[in-house]
Amino acid sequence: MRRAGRVVADVLALMEEELKPGITTAQLDTIAEDYIRKAGARPSFKGYRGFPASICVSIDDEVVHGIPGSRVIEEGQVVSVDAGAIWQGYHGDAARTFYVGTPPADVARLIDTTRLALMAGIAAAVPGSHVEDVSGAVEDVAVEGRCDIVRPFVGHGIGTKMHEDLQVPNYRTGRPGAELGAGVCIAIEPMLALGSADVETLSDGWTVVTTDHSVAAHFEHTIAVTENGPVILTKA
Ligand code: MG
């Protein structure tokens, strides 16, 4: 999983380099897929429930699951890239939101808050903690940053499957949830919006957008809970 996570981390670093006005989201997808395959891994998203690409690229009011295509990247866009790779049967999954240019203050707050919510969730994933501890840590940062939490999509267990049974909500459920023992691997992935985080899925069957078209951000890491604390497997 470290190896798979390394590939995913490298892909996101590559996307940050390539994300410039004029490039299309399909070109980004091709660059990502080539990198994953050259690293000896496979893109886990491609063909997943029929998803046609190796990464998700979600722009502005798109929250997650945007399908790469002919859309051209422009200055002033909020661009979330989600990537997954399988190496020797083991999965890595991570996402980051980028801004093309210099973000206005409210968008900078959204992006920073989402990243910090992820980091707070990771810090809470220590042996003996429960899913609710992670969820609460994410929620507290989101509320502090005055961002709304997208609720229908949650983090997940990960290992030899991209999505394993364990669910990791980005908000308190009022139940402790599963205990996180050493050796448990999860993907934590807060999705936040500047306006209302009510979402709907477009007619392409994939792209999730905020109903009020407010901009959204998405950060994700695959982590392992260990005796020495949480280890980020998709760290840049
Ligand atoms: Mg995920």
Side-chain angles (χ1 to χ4, degrees), residues 1-13 15 29 32-33 36 41-58 62-68 79-87 89-98 111 114-115 117-122 124-125 131 134-135 137-139 142 149-171 177-178 180 184-193 197 199 201 205-208 216-225 230-236:
M1 287 186 71
R2 280 183 189 277
R3 187 83 178 255
R6 164 53 58 188
V7 173
V8 171
D10 289 348
V11 166
L12 292 178
M15 293 298 99
D29 179 59
E33 180 171 358
I36 292 168
R42 286 188 296 119
S44 43
F45 294 2
K46 196 152 197 176
Y48 182 83
R49 296 185 180 181
F51 191 77
S54 296
I55 56 172
C56 302
V57 184
S58 308
E62 298 172 356
V63 182
V64 286
H65 305 163
I67 302 172
V79 183
S80 299
V81 181
D82 195 344
I86 313 167
W87 186 82
Y90 291 94
H91 284 260
D93 185 7
R96 280 165 69 188
T97 296
F98 306 102
I111 294 173
T114 313
R115 190 185 64 251
L118 169 61
M119 298 318 288
I122 292 170
V131 169
V134 174
S135 300
V138 170
E139 179 178 354
I149 299 166
V150 175
R151 291 172 174 250
F153 300 92
V154 297
H156 48 91
I158 181 168
T160 53
K161 288 191 288 188
M162 178 160 65
H163 295 129
E164 299 195 339
D165 282 344
L166 191 68
Q167 295 204 330
V168 186
N170 294 306
Y171 52 89
L180 300 174
V184 169
C185 292
I186 53 175
I188 304 173
E189 50 178 323
M191 291 150 247
L192 306 182
V199 293
T201 303
W206 283 103
T207 313
V208 175
H218 177 210
F219 279 79
E220 176 180 24
H221 272 309
T222 296
I223 68 149
V225 180
V231 173
I232 301 174
L233 302 174
T234 45
K235 196 174 175 113

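Just so you know, ligand 1 is whichever comes first in the structure, and atom 1 is the first atom listed for that ligand.
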- Item | Main-chain N/O of Ile55 paired to Asp29 side chain as donor or acceptor, under 3.5 Å | yes
- For His163 and His156, indicate whether the former's side chain and the latter's backbone hold a donor-acceptor pair under 3.5 Å. no
- Keeping waters out of it, list the protein N, O or S atoms under 2.8 Å from the Mg ion (ligand 1). Asp93 OD2, His156 NE2, Glu189 OE2, Glu220 OE2
- Task: Carefully, step by step, assess Cys56 and Phe51 under the rule side-chain contact (heavy atoms from CB on, under 4.5 Å).
- Result: CA-CA 9 Å; Cys56 302; Phe51 191 77; 3.7 Å; yes
- Query: Judged by modelled atom types alone, do Thr234 and His221 share a side-chain donor-acceptor pair under 3.5 Å?
  - Reply: yes
Only pairs under 3.5 Å count here: list side-chain donor-acceptor contacts from residues 4-13, not counting sequence neighbours, and write none if there are none.
unit_1	atom_1	unit_2	atom_2	d
Arg6	NH1	Asp10	OD1	3.2
Asp10	OD2	Tyr35	OH	2.8

- Taking everything shown except Arg2 itself, do over 12 heavy atoms lie less than 6.0 Å from its CZ? no
